[in-house]
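Written out below as structure tokens is the structure these notes cover.
This structure is a prediction, so every number in the text was calculated from the model and none was measured. Numbers restart at 1 for each chain; the letters A, B, ... are given by sequence-line order, proteins then strands.
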Amino acid sequence: MTSNAFIAFQTNDVTRSIVEAIVEDNPGAIVVEQPAMVKIDVPDRLVIRRTSVEEKLGRDFDLQELQLHLITISGHLDETDDEFTLSWNS
Amino acid sequence: MDMKTSKKLGLKERYTMMTRDLAWDTTYQPMDKVFPQVGYEGIKIHDWDKWEDPFRLTMDAYWKYQAEKERKLYAILDAFNQNNGHLSVTDGRYINVLKLFLGSTPPLELMAARGFSMVGRQMVGAGPRVACQMQAVDEYRHFQTQIHSISNYNKFYNGMDEFAHQQSRMWYLSDGKSFFDDAITAGPFEFMVAIGFAFEYVLTNILFVPFISGAAYNGDMAAMTVGFSAQSDEARHMTLGLECIKFMLEQDPDNLAIVQRWIDKWTWRGTRKLASVGMMMDYMLPKRIMSFKEAWEIYFEQNGAALFTDLARYGVTIPKCFAQTVEEKEHVTHQSWLGFYMKPESTPFHTWIPGPDELDWLSEKYPNTFDKYYRPMYEYLDAQEKAGNRFNNKTQPMNCQVCVNTIKYNEPGDPMEMCFRETVYQGEKFHFCSGHCQEIFEDEPEKYIQTYISSHQALQGNCAPEGVDTHAPDFNPGSHIADYWRLDPRATGDFNGSEDQKNFAAWRDLATKN
Ligand SMILES: [Fe+2]
Ligand SMILES: [Fe+2]
Ligand SMILES: [Zn+2]
């Protein structure tokens, strides 16, 4: 059975770029916009790559900055300097 | 000029150096005397170093990001208040959801802060100890910011100023109180399952995500910023709860049976606590984005199933109550609002009959149950109210000995029958809202016979102001209970005709006209 890993952010200027990066790096990503927030679901595994976010933002980005915009997550988390990964059943 | 920079440490090394490497084993006293509570629940841990916080958040980074969150939050709060934001919410009824939130949530955040301070002290590993310490600080922050954000409303509307006094006394706040009292008096590992898993993973995902998005939709920027700011910490809290469950299961196969019992118990307790949160979404937000049923499907059925499917590799099975919660999602919010509507003199917030378009929305969102069971009741109560006979139940509620909800839910499989269970323990009869609560009681009766139930206290004469003779033959607990609760009469009763209703309309008029 596949489960969705997901992440939700407050909508703002920074997360607009983060969401764009997630959509490009995760084929099958489903983006749902709700008042003041945005939620992205990906089957099994969702990855956020630092370099992709930096490219969209046009500046350096520390993945720990995600802490400022996060609303919720689903999946086991693994975080390194380069990738923030949420996954089920791996 | 050439500057030589030393290579920055990676996240993993930084985390290891700043947490685990700063810890030590005690030598003046043996470790098991320093950490006496980690063994008595029966959980076996062989290697605390196997625990790693997946966020790899170090204390210095923690302070940096939390400070940034606070700056953003207070900038928005100030702007909202300076701009008379309270008049931009959809309609005056909305403010009642904040009154319910204020009584029920910040006090529980404070209990979470206390709980994580205690549990953090008990954890042998530096990883969980630091994570618990951060969570304790976070929860204290939630407690404070929630009160700050609502304090501006308190300048204008009734019923908010005595929330701290009411928290441990009022009937409808007892479910949340008992949830945390139960968790905080358990051992450290059970506390982690109760709060880290059931409260964070099941409850806050609904309270702080769709409900807060709904607050934003209703124009309440203050609740939105506070709710989302809190929930940005909850992502870390859920991760801690999940790590703790995985850690226990990986450390020893004997832990499975204990952990499974806690998952069964606390999923049910979380579900019962959610009935009133669901009611806030379905009935108290004038503009709605999603029904409780839809939220439950996304955040519990799908998200919970993802978790339990994943944990199946350790032998964990889905919680026993799962099927019952799926059945109840179509009923509990309606039963809860009816329950509150029927007690207009017993809450510091107003209730009302949903308007015609709201009844239609409920019919659409609850096609299997609303028109069949609940719409006829609302239409009847509405007709009675219009005839000058608004329903007013002045009796003490009957509460479940475990979850302390008012006994008001239906028998599984039979929506027309009230669910009711009882157990005799040491010659005394105890009452329950459900088979699941009864089972929790029978597992630990010595614990639950001590539950504080405000209606029992009132009937025993313990809730009367000083000087009242509770042994007098004509003593009536109901006539003193409002004083005992410090209930502001202006805050009670139906929204229609209330002072809040008049003031909101008048002030909004001033705000939009010359
Ligand atoms: Fe919290
Ligand atoms: Fe929390
Ligand atoms: Zn119960």
Within the supplied structure, the quantity of interest is the number of heavy atoms (other residues, nucleotides, ligands) at a distance under 6.0 Å from [X] [atom1]; does it exceed 12?
X        : atom1 : answer
B:Met59  : CE    : yes
B:Glu297 : CD    : yes
B:Arg14  : CZ    : yes

Nearest heavy-atom pair of [X] and [Y]: which atoms, and what distance?
X       : Y        : result
A:Gln64 : B:Ala61  : OE1-CB, 3.6 Å
A:Ile71 : B:Val209 : CG2-CG2, 3.7 Å
A:His76 : B:Lys246 : ND1-NZ, 3.0 Å
A:Asn12 : B:Lys72  : ND2-NZ, 4.0 Å
B:Tyr65 : A:Leu68  : O-CD2, 3.4 Å

Is any side-chain heavy atom of [X] closer than 4.5 Å to a side-chain heavy atom of [Y]?
X        : Y        : answer
B:Pro54  : A:Glu79  : no
A:Lys39  : B:Ile298 : yes
A:Phe84  : B:Phe55  : yes
B:Ile289 : A:Pro35  : yes

Checklist line | Under 4.5 Å from a heavy atom of chain A, the part of B:Ile212 involved | finding: neither

Item checked: Residue among B:Thr204, B:Asn303, B:Asn205 satisfying side chain to side chain donor-acceptor pair (under 3.5 Å) with A:Thr72 -> B:Asn205

Item checked: Residues A:Phe9, B:Phe228; criterion side chain to side chain contact (heavy atoms under 4.5 Å, CB included); working and verdict -> CA-CA 9 Å; A:Phe9 297 108; B:Phe228 283 160; over 6 Å; no

Notebook entry, point to check: Do NZ/NE/NH1/NH2 and the carboxylate oxygens of A:Asp81 and B:Arg56 come within less than 4.0 Å?
Noted result: no

Note to self: For the NZ atom of B:Lys64 and the CD atom of A:Gln67, what is their distance to the nearest 0.5 Å?
What the structure shows: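 Going from NZ on B:Lys64 over to CD on A:Gln67, the span is 11.0 Å.
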
Notebook entry, point to check: Just how far is it from atom CG of B:Leu11 to atom OG1 of A:Thr80, taken to the nearest 0.5 Å?
Noted result: 7.0 Å

Margin query: Given heavy-atom pairs under 4.5 angstrom as the criterion, report whether the side chain, backbone, both or neither of A:Ala8 touches chain B.
Written below: neither

Next item on the list: With chain A as the partner chain, list the residues of residues 232-239 of chain B whose heavy atoms fall under 4.5 Å from it, by residue number, and write 'none' if nothing qualifies.
Entry: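 Listed by number: B:Ser232, B:Ala235, B:Arg236, B:Met238, B:Thr239.
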
Margin query: Pair B:Met290, A:Gln34 - check side chain to side chain contact (heavy atoms under 4.5 Å, CB included), show working.
Written below: CA-CA 10 Å; B:Met290 148 187 317; A:Gln34 279 163 13; 3.4 Å; yes

Note to self: Run the side chain to side chain contact (heavy atoms under 4.5 Å, CB included) test on B:Tyr201 and A:Ser74 for me, step by step, so that the C-alpha distance in whole Å, both residues' side-chain angles and the decisive distance to 0.1 Å come before the verdict.
What the structure shows: CA-CA 9 Å; B:Tyr201 199 87; A:Ser74 170; 3.9 Å; yes

